[in-house]
Number of protein chains: 2
Amino acid sequence: MRGAVVSISEGRNGAAATKARILDAAEALFMEHGFEATSLRAITAAAGANLAAVNYHFGSKEELFEAVLKRRLDPMNQRRVALLTQLEHDAAGRPVPADRVVSAMIMPALELARDPARGGANFLRLLGRAYADPAPFIRRFLSVHYAEMIARFKEAFARALPNLPRRELSWRLHFIMGALSYTLAGTDALKLIHEIAPSDDGGNDELLLRRLAPFLLGGLTAPLADLDEAPGDLDGAPGIPPGPSR
Amino acid sequence: MRGAVVSISEGRNGAAATKARILDAAEALFMEHGFEATSLRAITAAAGANLAAVNYHFGSKEELFEAVLKRRLDPMNQRRVALLTQLEHDAAGRPVPADRVVSAMIMPALELARDPARGGANFLRLLGRAYADPAPFIRRFLSVHYAEMIARFKEAFARALPNLPRRELSWRLHFIMGALSYTLAGTDALKLIHEIAPSDDGGNDELLLRRLAPFLLGGLTAPLADLDEAPGDLDGAPGIPPGPSR
DNA sequence: GTCCGATTCAAACATACGTTTGACTTCGGG
DNA sequence: CCCGAAGTCAAACGTATGTTTGAATCGGAC
């Protein structure tokens with residue numbers, strides 16, 4: 001009765017199969033409802049497993065959530081770093097152009113989005129949502145699993161954009177992660193606001209990321225703001241001389 | 001015993017005061033833990049009110065959350081539209097420059113962040129978090145309360161950037177809302193990743209938004225990607241001819 | 001065939017949740 | 001002075017949660 005869900009033979013290891021089914025079901029449900037609003041009962045029911053299986057295989061609900069993230073996030077970040085390393089090797093000591101560094105950040109996400117067998121776009125939505133989650137254990141997890149990649153890319157951007165002050169670069173990387181996460185989280189309601197037809201992106205996350213790349217590059221290489229401007233005078237054009245209006 | 005929390009005389013209306021205290025406490029707690037993870041018991045305890053007061057004054061937990069958002073969001077969006085209207089009036093028929101339109105989006109958020117009496121930056125964090133929340137009632141609320149503003153600004157941007165295809169503009173506005181929300185949500189963990197010292201932003205959301213403005217403008221006005229490129233060839237530079245590497 | 005560790009299972013555990021109830025208090029107006 | 005609506009309050013409601021328990025079952029190794 002138990003193996004009814006599994007497609008082919010589950011080999012000699014039904015246990016590992018259960019663990020995997022729970023991971024898949026948890027990924028889908030966490031993605032749809034968020035961490036707090038998803039119950040272990042809903043997960044185990046969807047996975048065709050017993051309620052106690054989660055605590056047996058993962059220890060707790062929080063550890064299950066971390067396992068769901070870790071399964072796909074670590075490989076993606078490793079791929080990002082590997083791509084950047086390759087670019088730096090090809091550049092032979094010269095700085096890697098900024099647009100290529102941006103591509104190295106985005107392409108692994110694109111590959112993941114294109115591969116339904118690895119969770120497809122669903123996982124990216126879950127990830128984007130995790131960025132905004134206030135739970136301390138999630139924040140701790142993300143900072144641990146992103147630290148190395150971010151540091152590497154910050155170095156690369158610093159060399160590609162020598163005129164951009166270090167502190168400004170930190171902020172712009174922050175903005176980049178924001179636009180990226182938010183876009184991936186992709187709540188339908190906001191898409192609706194922008195009147196983006198479903199056909200424009202339905203499953204086509206590749207197109208989405210292709211549009212995102214020039215946007216991020218444009219923001220990253222934008223002229224600096226005049227931070228000495230008097231407060232309250234923000235409507236003065238930042239980085240651009242006052243237009244003919246007014 | 002009840003009025004001990006209230007600073008000055010609460011006039012003849014202790015009821016409205018209770019409602020306001022609940023709103024304030026809910027805003028702080030929702031901001032800190034999110035909607036699902038915040039209990040009505042924690043809110044009423046922090047507000048010095050009875051548990052049943054929430055259901056009496058607001059009807060339900062969801063309606064309380066909407067009231068918390070509505071109190072500050074509606075005025076902010078109205079101010080955004082008012083600023084844009086003023087700019088369009090001053091432009092006398094000519095398109096308003098894109099950088100000024102960006103400023104009109106950002107400045108009201110900046111003003112709110114600078115005013116602790118109106119919730120300060122805390123509310124903006126709560127708002128940023130709401131963007132990523134999957135709960136249907138939140139998505140419905142946001143789409144209703146943002147629709148008018150987004151439509152107005154999309155029109156303005158379309159006139160300021162006549163060479164940017166309409167569909168591309170929709171996407172870039174989406175990205176802008178993403179970077180904005182995410183930045184405002186500002187989880188400490190991610191700041192930590194980027195090694196941004198606390199002194200860089202402690203309470204100084206003005207500086208943050210000043211840095212954000214040129215970034216958004218740069219992304220908005222970035223050159224278009226070549227969407228006809230062969231799939232999988234993303235490491236070819238988007239919008240920029242292939243560099244010397246490779 | 002028998003044993004043992006690994007796994008599965010139904011059931012119960014102890015809390016915590018949002019909401020409702022019905023009595024009590026407050027207070028301005030007749 | 002008393003009335004009645006508005007507000008407050010303690011208590012309970014029913015349900016849902018994550019976790020634990022201890023017995024049942026399984027799958028190879030000897």
Side-chain angles (χ1 to χ4, degrees), chain A residues 1-6 8-26 29-30 32-68 133-138 141, chain B residues 1-6 9-26 29-30 32-68 133-138:
Chain A
M1 186 205 283
R2 202 192 79 247
V5 181
V6 185
I8 322 183
S9 87
E10 58 189 24
R12 62 184 172 284
N13 198 348
T18 296
K19 206 169 168 179
R21 284 205 317 277
I22 290 178
L23 274 177
D24 288 339
L29 288 173
F30 280 145
E32 197 173 347
H33 304 110
F35 175 74
E36 299 278 356
T38 302
S39 72
L40 291 184
R41 282 169 176 82
I43 293 172
T44 51
N50 186 274
L51 170 61
V54 167
N55 295 84
Y56 178 80
H57 285 289
F58 297 94
S60 69
K61 187 187 180 187
E62 293 193 355
E63 288 171 281
L64 168 61
F65 187 78
E66 292 183 5
V68 167
D133 201 298
F137 85 96
I138 295 183
F141 177 89
Chain B
M1 187 203 283
R2 203 192 79 246
V5 181
V6 184
S9 87
E10 59 190 23
R12 60 183 173 283
N13 198 347
T18 296
K19 207 169 167 181
R21 285 204 316 276
I22 289 178
L23 275 177
D24 288 339
L29 289 173
F30 281 145
E32 196 173 347
H33 306 109
F35 175 74
E36 298 278 358
T38 302
S39 72
L40 291 184
R41 284 168 174 82
I43 293 172
T44 50
N50 187 274
L51 170 60
V54 167
N55 290 286
Y56 178 80
H57 285 290
F58 297 95
S60 69
K61 187 187 180 185
E62 293 193 355
E63 288 171 281
L64 168 62
F65 188 78
E66 292 183 4
V68 167
D133 202 296
F137 84 97
I138 294 183

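In what follows, chains are A, B, ... by sequence order, proteins preceding strands, each numbered from 1. Since the structure is predicted, the reported quantities are computational estimates derived from the model, not experimental observations.
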Problem set entry | Heavy-atom check, side chain of Thr18(A) versus side chain of Asn50(A), under 4.5 Å | no

Exercise. Does Lys61(B) make a cation-pi contact with Phe35(B) (under 6.0 Å, within 45 degrees of the axis)?
Worked result: yes

For this session: Compare all side-chain heavy atoms of Asn55(B) with those of Leu64(B) and state whether any distance is below 4.5 angstrom.
Result: no

Exercise. To the nearest Å, how far apart are Phe58(B) CZ and dG7(D) C1'?
Worked result: 14 Å

Exercise. Whole Å only: how far is the NE2 atom of His57(B) from the P atom of dA6(D)?
Worked result: 12 Å

Exercise. Lys19(A) NZ to dA6(C) C1': how many Å, rounded?
Worked result: 13 Å

Seminar exercise, completed: Given protein heavy atoms under 4.0 Å, the one-letter contact record of nucleotides 14-20 of chain D, with B base, S sugar-phosphate only and - none, is simply ---BBBB

Exercise. Just to confirm, is there a sub-4.0 Å distance from OP1 or OP2 of dT8(C) to any side-chain nitrogen or oxygen of Thr18(A)?
Worked result: yes

Exercise. CG/Leu51(B) to CG/Leu40(B) distance, rounded to the nearest 0.5 angstrom?
Worked result: 6.5 Å

For this session: Mind calculating the distance between OH (Tyr56(A)) and P (dA24(D)) to the nearest angstrom?
Result: 18 Å

Exercise. Can you list the residues that meet the ring-ring contact (aromatic ring centres under 6.0 Å, His included) rule with Phe58(A), with sequence neighbours excluded?
Worked result: none

Seminar exercise, completed: Between the CZ atom in Phe65(B) and the OG atom in Ser60(B), the distance rounded to the nearest 0.5 Å is 12.0 Å

